[in-house]
**Student:** 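The following block contains the structure, expressed as structure tokens.
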Amino acid sequence: MFERIIAKKNLETAYLKIAEQMEEDGRVRRYRGWDSLKLGDLEINSAQIIKEAQQEMIDFKPLSPAALIKIPKKNKPQKSREIHIYNLKDRIKAQAIYQIIEPHLDAYFSPWLFSYRTSHPNYFAARSTVRHYKRYFKRDFVLVADVADYFNHIDVAILKKKLLFLNFSEPVLKLLNLFITNQKIQDGKIIQPAKGLIAGTPLIPILANLYLNDLDKYCGPRIDFYRRVGDDFIIFDQKKTPTINL
């Protein structure tokens, strides 16, 4: 798997995927990493950038710290949302890892998880939830909840233990560890968070999926209806207090 991740073709695909995503939402000319490079700047030297990214992965070079910025929330402008900006080369690395390990993780995830998965898009969770509600709205009790500040409260040590059950090779684990233990720039200082994951690449949400996967597999069969999308949960059950011994 490590050789597939660092393969030139995989890194080229990762580069093109990032370009495609930015083109679709209009960010291709205005998005820039914390290193001030725009995607357009890399277009003139993409072969060299990909070669450098490949060698850095082979050497397990630590990532550049992700820059933390705060922007107003769309629905609650009085509150802010934290955004982490990786440099573009590290984003290419993250995408390269993601597109190789995602199918492996997808097969391992519970059938009740519907986020950041090719086989279980969140649309399916919404559709099945609406169907269940229409059929049992007079019968069931409903619980809708979310985990506040989820990414920032993930215990990295626990996440690393969970990764061991996936039988990834040592080099693949070392690559993942670069993102799990990455630093960030906050208020002009480089900080190593005591806990939590630094979002900003597609690799981080799929690792966050893994963190609660055991909870999904436990709760799913014991509740009439259970769905999780990221840090959001919805539960339907005939009992107001279902018997779940955690």
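Keep in mind that what you see is a predicted model, and the values were worked out from it rather than measured.
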**Student:** At their closest point, which heavy atom of Val229 faces which heavy atom of Ala125, and how far apart are they?
**Tutor:** CG2-CB, 3.8 Å
**Student:** Apply the test side chain to side chain contact (heavy atoms under 4.5 Å, CB included) to residues Ile6 and Ile58: give CA-CA distance (whole Å), side-chain angles for both, the deciding distance (0.1 Å), then the verdict.
**Tutor:** CA-CA 7 Å; Ile6 65 170; Ile58 293 172; 3.7 Å; yes
**Student:** With a 3.5 Å distance limit and no angle check, can you tell me whether His153 reaches the backbone of Val147 through a side-chain donor-acceptor pair?
**Tutor:** no
**Student:** Please tell me if the side chains of Leu203 and Ile101 come closer than 4.5 Å, counting only heavy atoms from C-beta onward.
**Tutor:** yes
**Student:** Is there a side-chain contact between Phe109 and Lys217 in this structure, where contact means two heavy atoms from C-beta onward sitting under 4.5 Å apart?
**Tutor:** no
**Student:** Taking all non-hydrogen atoms of both residues, which atom of Lys160 and which atom of Ile180 are closest, and how far apart?
**Tutor:** CE-CG2, 4.3 Å
**Student:** To check you understand the geometry: which heavy-atom pair defines the closest contact between Pro65 and Asn182, and what is its length?
**Tutor:** CA-OD1, 4.2 Å
**Student:** Would you call Arg227 and Asp232 a salt bridge, using N to O less than 4.0 angstrom?
**Tutor:** no
**Student:** Heavy atoms only: give me the nearest Ile206-Glu102 pair and the separation to one decimal.
**Tutor:** CD1-CG, 3.4 Å
**Student:** When you measure from the side chain of Asn213 to the backbone of Ser110, do you find a donor-acceptor pair of N or O atoms at a distance under 3.5 Å?
**Tutor:** yes
**Student:** Examine Leu215 and Leu105 and state if one hydrophobic cluster contains both, with Ile, Leu, Val, Met, Phe, Trp and Tyr joined whenever side-chain heavy atoms are less than 4.5 Å apart.
**Tutor:** yes
**Student:** Is any side-chain heavy atom of Ile83 closer than 4.5 Å to a side-chain heavy atom of Leu68?
**Tutor:** no
**Student:** Can the ring centres of Phe225 and Phe141 be said to be less than 6.0 Å apart?
**Tutor:** no
**Student:** Would you compute the distance between atom OG of Ser169 and atom NZ of Lys174 and round it to the nearest 0.5 angstrom?
**Tutor:** 10.5 Å
**Student:** In this structure, would Leu16 and Ile5 fall into the same cluster of hydrophobic residues linked by side-chain contacts under 4.5 Å?
**Tutor:** yes
**Student:** Say whether Arg228 and Ser115, considering side chains only, have a donor N or O and an acceptor N or O under 3.5 Å apart.
**Tutor:** no
**Student:** Which value, rounded to the nearest 0.5 Å, describes the distance between Glu12 atom CD and Ile50 atom CD1?
**Tutor:** 5.0 Å
**Student:** For Asp216 and Tyr226, test the side chains for any donor-to-acceptor distance below 3.5 angstrom and give the result as yes or no.
**Tutor:** yes
**Student:** Tell me whether Arg135 forms a cation-pi arrangement with Tyr133, defined as NZ or CZ under 6.0 Å from the six-membered ring centre and within 45 degrees of its axis.
**Tutor:** no
**Student:** My understanding is that only one of Ile190, Ile198, Ile191 makes a side-chain contact (heavy atoms from CB on, under 4.5 Å) with Gln183; could you say which?
**Tutor:** Ile190
**Student:** Would a 4.5 Å heavy-atom cut-off, applied to side chains only, mark Asn152 and Lys195 as touching?
**Tutor:** no
**Student:** Side-chain contact test, heavy atoms from C-beta onward, threshold under 4.5 Å: evaluate it for Ile204 versus His84 and give yes or no.
**Tutor:** no
**Student:** Under 4.5 Å between any side-chain heavy atoms of Tyr98 and Thr201, yes or no?
**Tutor:** no
**Student:** Which heavy atom of Pro121 sits nearest a heavy atom of Phe114, and at what distance?
**Tutor:** O-CD2, 3.6 Å
**Student:** When rounded to the nearest 0.5 angstrom, what is the spacing between CG in Leu163 and CD1 in Ile158?
**Tutor:** 12.5 Å
**Student:** Heavy-atom count around Phe165 CZ within 6.0 Å, excluding the residue itself: above 12?
**Tutor:** no
**Student:** Side-chain heavy atoms under 4.5 angstrom apart, residues restricted to Ile, Leu, Val, Met, Phe, Trp, Tyr: same cluster for Val172 and Leu164?
**Tutor:** yes
**Student:** From Asn10 CG over to Lys17 NZ, what is the distance, rounded to the nearest 0.5 angstrom?
**Tutor:** 13.0 Å
**Student:** Locate the shortest heavy-atom distance separating Phe236 from Asp224; write the atom from each residue and the value.
**Tutor:** O-CB, 3.3 Å
**Student:** Among the clusters formed by ILVMFWY side chains lying less than 4.5 Å apart, do Leu207 and Tyr108 turn up in the same one?
**Tutor:** yes
**Student:** CD of Glu56 to NZ of Lys93: how many Å apart, nearest 0.5 Å?
**Tutor:** 3.5 Å
**Student:** Is it the case that the side chains of Ser64 and Asn87 hold a donor-acceptor pair, with the cut-off being a distance below 3.5 Å and no angle test?
**Tutor:** yes
**Student:** Any side-chain donor paired with an acceptor under 3.5 Å for His132 and Asp140?
**Tutor:** yes
**Student:** About how many Å separate NZ of Lys161 and CG of Asp155, when rounded to the nearest 0.5 Å?
**Tutor:** 8.5 Å
**Student:** Using modelled atom types and a 3.5 Å cut-off, is there a donor and acceptor pairing between side-chain atoms of Gln238 and backbone atoms of Arg139?
**Tutor:** no
**Student:** If you define the side chain from C-beta out and look only at heavy atoms, does anything of Phe233 sit under 4.5 Å from Cys219?
**Tutor:** no
**Student:** Applying side chain to side chain contact (heavy atoms under 4.5 Å, CB included), run through Leu197 and Leu159 and close with a yes or a no.
**Tutor:** CA-CA 10 Å; Leu197 299 178; Leu159 177 60; 3.9 Å; yes
**Student:** Report whether Tyr15 and Leu175 are members of the same hydrophobic cluster (ILVMFWY, side-chain heavy atoms less than 4.5 Å apart, transitive linking).
**Tutor:** yes
**Student:** Got Ile223 and Trp112 here, is their nearest side-chain heavy-atom distance under 4.5 Å?
**Tutor:** no
